[in-house]
Amino acid sequence: MKINNFFESFLKKDSFFMNKAALMPAYMPSAVVYREEQLQEVANILAPALRLEKPSNLFIYGKTGTGKTLAVKHVLESMNEIAVKNKIKLKTVYINCKLKRVADTEYRLVAQLIKDFGQDVPSTGLPTDELYNLFYQLLDNEEQLLLLVLDEIDHLTKKIGDGVLYNFTRINAELKKAQICLLGISNNLIFAENLDPRVRSSLSEEEIVFPPYNALQIQDILRKRADTAFKEGAVQSGVIEKCSAYAAREHGDARRAIDLLRVAGEVAERSGAAEVGIIHLDEAERKIESDKIINAATSQPKQFQLVLYAIFLISPQKKNIFTGEIYELYKSLCTRSKFNVLTQRRVSDILAELDMLGIINAKIISKGRYGRTREVALAIEETVLFKLKEILEKSLNLSS
DNA sequence: AGGTATTCACATGAAACTATTCTCTGAGTTAGG
DNA sequence: TAACTCAGAGAATAGTTTCATGTGAATACCTGT
């Protein structure tokens, strides 16, 4: 009954949101603003594709939330439109290499490509070169040009090296009828430096850098999104300004600003406030931070959680913890709760990964005569720590 | 005192192994003609 | 004889282990003054 009442009043109370999708990460606005220059450049470079001449391979750099993906998708879309209208055999494929279990290995990348050509391949069991062969056949059975966008390409090479890219750059030589043009997108500005020189030179025949947005631009972007997302008058004045100031201070990350605004809206709505105010922004920022960390921690495998839990246990007494101490405690935790014990080698890697996730701060120090080790400290707030600790205890079902 | 050499406690790298998931193949089995 | 079943071989992948090598600076050990 109580629940019923709750839903009733939930329905009656009208939401701030008109179209929340406009603040979701997947949203594609109809126009890209403040990226005209880059947009034009991309278009210039890719335009020959419409005449079925292979454009230069293109490489796009820029930090997160600078509109790279958006701009490229826009260009692709309009090229597709024109290609369809004029019956040009141009095919564009967009692949995000970061997506786990979709395109984060060589095999899966090619499998994904084949899928885009309308064929299905098993997720495992076949040799990789068979996939390549199938892909060649599909591609080469008619005269066409493939525009292949590899988003977050740095993740791919970090994980499996640049051999794949080398293969792709060489494909053209083997194709008879079709042509393939590569377009890489990377968040990492120095990504190409540790790439095979051959790959680098052929991959980045052209390069475009996307600069961060400045505060005013973010503000404008934000306001446009907010206009579609929120109902009239739902957002207090000053909120958008503050929100964009936050994001600009970081590094001009528009996505973060948009997330922040959406979460602030949700927070405000849940707390029953009359409109979205500046207080909600602060809370939203905290919530995003803590959600991110809790999410990261709980989605890790059990062994990671055990290591993390060991750190939790030691941290109240000591500020700087060393690998050895963590490992000892971890070992006893394992035996006590009947998990198998991993080697110190592995735990060392796990610590490095926890550091990457931003859950701990690990610094490698030398204690001179007393060896070299990681100096580990927790990187999370008290409140989050408590919550996380509880969750871990439950999921590992150990207490005390 | 000043300079080298040691030494610790891990870090870092490479290769190999394990378990799981999946396909493909061919031998053996079954059922229908 | 065609269709079916099922075990075994081969792949891809994630997570580890094993073995080998690297490393920064506090100490131990010299050395000459």
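Just so we're on the same page: letters track the sequence lines, and every chain starts at 1.
Using a 4.0 Å heavy-atom distance criterion, Val341(A) is classed as a sugar-phosphate-only contact.
Computed from coordinates, the Glu106(A) CD to dA12(C) P distance equals 9 Å when rounded to whole Å. Look at OH on Tyr327(A): it is 12 Å from P on dA11(B), rounded to the nearest Å. Per the geometry, CD1 belonging to Ile364(A) stands 15 Å off C1' belonging to dA25(C), to the nearest Å.
For Thr124(A), no side-chain nitrogen or oxygen approaches OP1 or OP2 of dT23(B) to under 4.0 Å. Phosphate contact (OP1/OP2 of dA11(B), side-chain N/O of Thr323(A), threshold under 4.0 Å): present. Note on Ser348(A): every side-chain N or O is 4.0 Å or more away from OP1 and OP2 of dC10(B). OP1 or OP2 of dA12(C) has at least one side-chain nitrogen or oxygen of Thr128(A) nearer than 4.0 Å. Contact annotation: Arg108(A) reaches the phosphate of dA14(C) (side-chain N/O to OP1 or OP2, under 4.0 Å). The side chain of Arg374(A) places an N or O atom within less than 4.0 Å of a non-bridging phosphate oxygen (OP1 or OP2) of dT12(B).
Using a 4.5 Å heavy-atom threshold, the side chains of Val307(A) and Leu342(A) count as separate.
The distance between the ring centers of Phe230(A) and Phe17(A) falls below 6.0 angstrom.
In the interface, the side chain of Arg369(A) is not paired with the base of dG24(C) through any donor and acceptor atom under 3.5 Å apart. Arg372(A) contributes a side-chain N or O that forms a donor-acceptor pair with the base of dT23(C) under 3.5 Å.
The two residues Asp253(A) and Ala247(A) make their nearest non-hydrogen contact at O-CB, 3.6 Å. Of all heavy-atom pairs between Tyr309(A) and Leu396(A), the closest is CB-CD1, 4.4 Å.
Asp349(A) has a carboxylate O that lies under 4.0 Å from a charged side-chain N of Arg345(A), or vice versa, which qualifies the two as a salt bridge.
Within residues 158-168 of chain A, the residues having any heavy atom under 4.0 Å from DNA chain C are, by residue number, Lys159(A).
Closest to the side chain of Leu126(A), from the set dA26(C), dC24(B), dT12(B), is dC24(B).
At its two ends the helix from dA1(B)-dT31(C) to dA31(B)-dT1(C) runs along axes set 20° apart, each axis drawn from five pairs and the angle rounded to 10°.
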Under 3.5 Å, side-chain donor or acceptor atoms of residues 257-264 of chain A against the rest of the protein: list the pairs with distances, not counting sequence neighbours.
from	atom 1	to	atom 2	distance (Å)
Asp259(A)	OD1	Arg262(A)	NH2	2.8
Arg262(A)	NE	Leu23(A)	O	3.2

